[in-house]
Student: 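Just dropping this structure here.
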Amino acid sequence: MEEILERKIKYNLDTVDYSCRVLELGNRRITLFHVIETPFTMTTSDDEITIPRGSYTVAYYWEDRPYNLYFWRSRNGDYLGAYFNIVKNTKIVPGMVSFEDLIVDVLVFPDGRYTVLDEDELPISLELFEGGAVKESLQALISEIDVIMEEVKREAAGVYRHKAFLPYLV
């Protein structure tokens with residue numbers, strides 16, 4: 001698999017880069033693979049998801065959608081959860097995919113429940129932030145989240161089945 005850089009541009013303009021592998025490059029979309037080197041836990045008021053070292057992400061980016069998606073699986077292939085970033089200006093160019101993170105995220109639990117994260121970090125209300133575009137993007141995502149997750153789970157059982165990634169999980 002070809003290597004590529006994922007560049008996240010935070011709202012404060014800090015950047016975070018990750019080295020990934022290209023799984024699929026399509027028309028205005030790309031799917032990447034990344035092994036988690038540093039474990040992390042995402043906590044909500046009701047629950048948490050831990051992504052251990054050695055697990056991996058199948059990440060989806062679209063130039064024409066206001067979000068991207070990380071689909072997390074354990075080293076054994078178990079589905080751990082998913083995470084949507086609300087974004088703008090996703091660009092796919094040779095050697096790099098970049099996007100501007102718009103703070104608000106959606107965490108999806110393995111049982112299908114989801115929660116909106118980081119609204120409290122917005123500099124102004126969700127209704128006014130980015131001229132209302134983030135609220136609109138969030139509402140559109142939530143209205144289709146079940147359909148998106150079903151499609152991604154089908155791909156995880158098919159073209160992106162766990163067995164295909166075993167050589168990269170050393």
Side-chain angles (χ1 to χ4, degrees), residues 4-18 20 23-34 36 38-51 55-73 79-93 96-157 160:
I4 191 169
L5 186 70
E6 180 220 54
R7 173 163 290 159
K8 174 182 181 176
I9 304 166
K10 294 183 177 186
Y11 201 72
N12 66 5
L13 301 182
D14 287 348
T15 60
V16 181
D17 293 342
Y18 293 96
C20 302
L23 295 175
E24 182 181 353
L25 176 60
N27 184 25
R28 303 191 68 190
R29 66 177 296 246
I30 192 167
T31 308
L32 304 180
F33 170 83
H34 175 75
I36 305 298
T38 304
F40 59 94
T41 299
M42 307 210 62
T43 304
T44 70
S45 57
D46 301 324
D47 213 340
E48 66 180 30
I49 292 178
T50 297
I51 309 302
S55 55
Y56 62 94
T57 301
V58 174
Y60 297 79
Y61 308 84
W62 300 269
E63 289 183 327
D64 57 354
R65 294 188 192 182
Y67 55 82
N68 58 35
L69 166 61
Y70 300 113
F71 185 84
W72 295 313
R73 293 170 87 173
Y79 169 52
L80 300 173
Y83 187 80
F84 289 88
N85 288 299
I86 302 297
V87 301
K88 68 178 181 181
N89 297 326
T90 299
K91 294 188 180 15
I92 302 165
V93 298
M96 183 170 29
V97 59
S98 66
F99 61 92
E100 296 175 35
D101 184 24
L102 295 175
I103 303 173
V104 175
D105 307 300
V106 177
L107 179 63
V108 182
F109 293 91
D111 64 7
R113 290 176 299 123
Y114 63 86
T115 188
V116 177
L117 302 174
D118 302 332
E119 278 187 77
D120 59 326
E121 295 178 18
L122 296 176
I124 57 176
S125 73
L126 180 63
E127 287 73 21
L128 299 176
F129 184 61
E130 288 285 312
V134 172
K135 181 179 180 183
E136 186 177 304
S137 297
L138 179 61
Q139 289 172 331
L141 169 60
I142 288 172
S143 74
E144 57 189 31
I145 199 166
D146 293 333
V147 173
I148 296 166
M149 291 307 302
E150 282 305 312
E151 180 181 333
V152 170
K153 287 177 182 178
R154 271 194 307 279
E155 288 182 353
Y160 299 136

Student: Quick one: pull up OH in Y18 and CD1 in I36 and give me the separation to the nearest 0.5 Å.
Tutor: 8.0 Å
Student: Using the six-membered ring wherever Trp is involved, compare the ring planes of F71 and Y79 and label them parallel, tilted or perpendicular (cut-offs 30° and 60°).
Tutor: parallel
Student: Would D17 and R7 pass as an ion pair if we require N to O under 4.0 Å?
Tutor: yes
Student: Classify the side-chain pair E6/Y61 by whether it contains a donor and acceptor separated by less than 3.5 Å.
Tutor: yes
Student: Any non-hydrogen side-chain atom of M42 less than 4.5 Å from a side-chain atom of T44?
Tutor: no
Student: Report the C-alpha separation of I145 and F84 in whole Å, then their side-chain angles, then the decisive distance to 0.1 Å, and conclude whether the side chain to side chain contact (heavy atoms under 4.5 Å, CB included) test is met.
Tutor: CA-CA 10 Å; I145 199 166; F84 289 88; 3.8 Å; yes
Student: Does a sphere of radius 6.0 Å around NZ in K153 hold more than 12 heavy atoms from other residues, nucleotides or ligands, not counting ones at 6.0 Å or beyond?
Tutor: yes
Student: To the closest 0.5 Å, what do you measure between CD (E48) and OG1 (T41)?
Tutor: 5.5 Å
Student: Let me confirm one number: the CD1-CD distance from I92 to E63, rounded to the nearest 0.5 Å.
Tutor: 4.0 Å
Student: Quick check for you: to the nearest 0.5 Å, what is the distance between L80 atom CG and F109 atom CZ?
Tutor: 12.5 Å
Student: Looking just at side-chain N and O atoms, do Y60 and E151 make a donor-acceptor pair shorter than 3.5 Å?
Tutor: no
Student: So among E100, E130, E121, which one has a side chain to side chain donor-acceptor pair (under 3.5 Å) with Y11?
Tutor: E130
Student: Take E24 and R29 through the test side chain to side chain contact (heavy atoms under 4.5 Å, CB included) and record every step on the way to the result.
Tutor: CA-CA 8 Å; E24 182 181 353; R29 66 177 296 246; 3.4 Å; yes
Student: Decide yes or no on side chain to side chain contact (heavy atoms under 4.5 Å, CB included) for L122 and V134, but give the supporting numbers first.
Tutor: CA-CA 11 Å; L122 296 176; V134 172; 5.5 Å; no
Student: Starting at NE2 of H34, measure out to CG of L23 and round the result to the nearest 0.5 Å.
Tutor: 12.5 Å
Student: In Å and rounded to the nearest 0.5 Å, what is the OG1 to NZ distance from T15 to K8?
Tutor: 11.5 Å
Student: Do the charged groups of D46 and R113 touch, with an N to O distance under 4.0 Å?
Tutor: no
Student: Given side chains that start at C-beta, do those of F129 and E119 come closer than 4.5 Å, heavy atoms only?
Tutor: no
Student: Is there a side-chain contact between I4 and I30 in this structure, where contact means two heavy atoms from C-beta onward sitting under 4.5 Å apart?
Tutor: yes
